[in-house]
Chemist: 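Starting off with a structure, shown below.
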Amino acid sequence: MSNLKSDDDDDYKFLRIIDAMASINQKVNLIGVITEIGISKQSRGTDCCCTIKIVDESNASSGISVNFFAENFEKLPHVESAGDIIQLVRVVMKSHRSGVNVLFDKKFSSFAIYEGREGSKFTPYQVSSKFHGRDRDKKFIAGLRKWTVSHRPETASSDSLSLKDIKQGNQSTLICKVLHVCEVKDGEWMLFVWDGTDAPPVNIHTKFDEEFDNPLPLQLESIPLSRNVLCKFPTVGTVLRMTNSNCNEKLGLHLLKPGKWVQFKNINFEVRYGLWCGILLSKSKFSFLPDDDDHAIHCRRTYEERAESKWDRKPFTCLPWPSKVTDTDHQDVPFVTLMDVLTYPEVIAKFRCVVRVVATLPGHPRDFKAPCGTYRIRLTLEDPTARIHAYIYAEDGVKFFEGYPSIDTMIKKHNALLGVEEIDDADSDEKPRNPPWVECCLCSYNIDETDVWGSIRYRIFDTTLVG
DNA sequence: TTGGGG
């Protein structure tokens, strides 16, 4: 038998994972189903690296990690979905403390990635530079696809959080849909993710007199998203911002394509300016879930039911109904979310919403009237979907405050609206506040005919602050 | 070389 022939034979031989694990320091060929994709990052050396996890029939539950190194992100595997199939040629089995893992050596290893779905084509959607496909590969790919139909690799973790249950703290798992990805600064990314549920409201810590110089932001990104981008977002359920700003590593977040369902592992949640923020760490991992993942289907179905229902657009924690702190006319008009308001296709429109008032400008009721004596106040409103500024002017203010009450009455009303605890020690401005859910009527209009959408404003009308 | 598991 010639050397050429025997090399050729070796290249066709795929080891079962369990057998490969006994071949430490040897070059082997593997074929497996991808269950987890680590975030790509810059290695401590000169390369980019990422880790994926694969399973096969011999090792269906725990799987084995494969470590890739490459000169740039483009050369790393770009896995489209967990459940896809990867063929690994001449990779090295490595023993490490308690476990065994696989090293993809860029000098002699190669890979090819195929769709995992049964019936899809046998052409890989990504191949590494040294990969040579052979006709007989098909048999192995078809075999694995068939196996995954009966044995769906467990991709979605059972301990994952829903946005409605997030808490400040460490190392959570979140299953969500990626809505938008943008690089805000060099190497600093912001992800916009969603699962159809409402993140819980949080206490507001700013002082009233800070609002002029240091207003509560409407969003965490320094450049607000364009209306075009917002219009593609679902209008029910929190859009969570996620950032890697605390992380020194260069993460391969460009791999996260909008529209994908993803499971993030080892992420933190923080509150910034009263807004929830997901924090990616260098040890964070993500795995793409197939579109028909059970958890993803459940989220979509729950969202659809909620979006279609007459009253379920109000926030989850607004139960059973908004507080009686405010009252509105038009009681029969269903509530919409602030994302509905922001993405409404016409400039001039009227809405009824359930919101929290997180700040007012001016900060003190004594300044709510302009020198001419009419009301003019800017409120910062939020619901689980967005924050907006809404103004109260003139006769809408008379309706809102029920005329021109005494300053003491105004302070009481203001405190009730902003969720300030009534305490005697005059330090109420120091305490965090928890604004109640209140209903309000909003109208939108533009103030510049030459820039209709850019000059859109929101006003409160037909709303009374009962207190 | 680099990273890898809980």
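Proteins come first, then strands; the chains are lettered A, B, ... in the order of their sequence lines, and each starts at number 1. If you're wondering where the values come from, they're calculated on a predicted model, not measured in any experiment.
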Chemist: If you take any heavy atom closer than 4.0 Å to DNA chain B, which residues from residues 16-24 of chain A end up in contact?
Modeler: none
Chemist: Measure from the side chain of A/Ser65, starting at C-beta and using heavy atoms only, and say which of B/dG3, B/dG5, B/dG4 lies closest.
Modeler: B/dG5
Chemist: Quick check with a 6.0 Å cut-off and a 45 degree axis cone: is A/Arg90 positioned over the face of A/Phe104's six-membered ring?
Modeler: no
Chemist: Rounded to whole Å, how long is the line connecting atom NZ of A/Lys265 with atom P of B/dG6?
Modeler: 7 Å
Chemist: Are A/Trp321 and A/Trp437, when compared by the centres of their aromatic rings, separated by less than 6.0 Å?
Modeler: no
Chemist: Pair up each side-chain donor or acceptor in residues 114-123 of chain A with any protein partner under 3.5 Å, not counting sequence neighbours, and list the distances.
Modeler:
residue: A/Tyr114; atom: OH; partner: A/Gln87; partner atom: OE1; Å: 2.8
residue: A/Ser120; atom: OG; partner: A/Arg117; partner atom: O; Å: 2.6
residue: A/Ser120; atom: OG; partner: A/Arg145; partner atom: NH2; Å: 3.4

Chemist: Ignoring the backbone of A/Asp47, work out which of B/dG4, B/dT1, B/dG5 is nearest its side chain.
Modeler: B/dT1
Chemist: Do the side chain of A/Trp194 and the main chain of A/Val236 share a donor and acceptor less than 3.5 angstrom apart?
Modeler: yes
Chemist: With a non-hydrogen cut-off below 4.0 angstrom, is A/Lys106 in contact with a base, only sugar-phosphate, or nothing?
Modeler: base
Chemist: To the nearest angstrom, how far is A/Ile52 atom CD1 from B/dG5 atom P?
Modeler: 12 Å
Chemist: What's the CG-P distance between A/Leu76 and B/dG4, to the nearest Å?
Modeler: 13 Å
Chemist: Any side-chain N or O of A/Arg44 below 4.0 angstrom from OP1/OP2 of B/dG3?
Modeler: yes
Chemist: Once you measure the plane-to-plane angle for A/Phe351 and A/Tyr344, does it fall in the parallel (<30°), tilted (30-60°) or perpendicular (>60°) bin?
Modeler: perpendicular
Chemist: What's the NZ-C1' distance between A/Lys53 and B/dG3, to the nearest Å?
Modeler: 14 Å
Chemist: Nearest whole angstrom, please: distance from the C1' of B/dT1 to the NE2 of A/His96.
Modeler: 16 Å
Chemist: Can you measure A/Lys107 atom NZ to B/dT2 atom C1' for me and round it to whole angstrom units?
Modeler: 11 Å
Chemist: Could you tell me how far apart A/Glu36 (CD) and B/dG3 (P) are, to the nearest whole angstrom?
Modeler: 18 Å
Chemist: For A/Val336 versus A/Val341, what's the shortest heavy-atom pair and its separation?
Modeler: CG2-CG2, 4.1 Å
Chemist: Once you measure the plane-to-plane angle for A/Phe111 and A/Phe68, does it fall in the parallel (<30°), tilted (30-60°) or perpendicular (>60°) bin?
Modeler: perpendicular
Chemist: Nearest to the side chain of A/Thr46 - B/dT1, B/dG3, B/dG4?
Modeler: B/dT1
Chemist: A/Lys41 has an atom NZ; how far is it from atom P of B/dG3, in whole Å?
Modeler: 9 Å
Chemist: For B/dT2, is there a stacking contact with A/Phe69, counting only centres under 5.5 Å and planes under 30°?
Modeler: yes
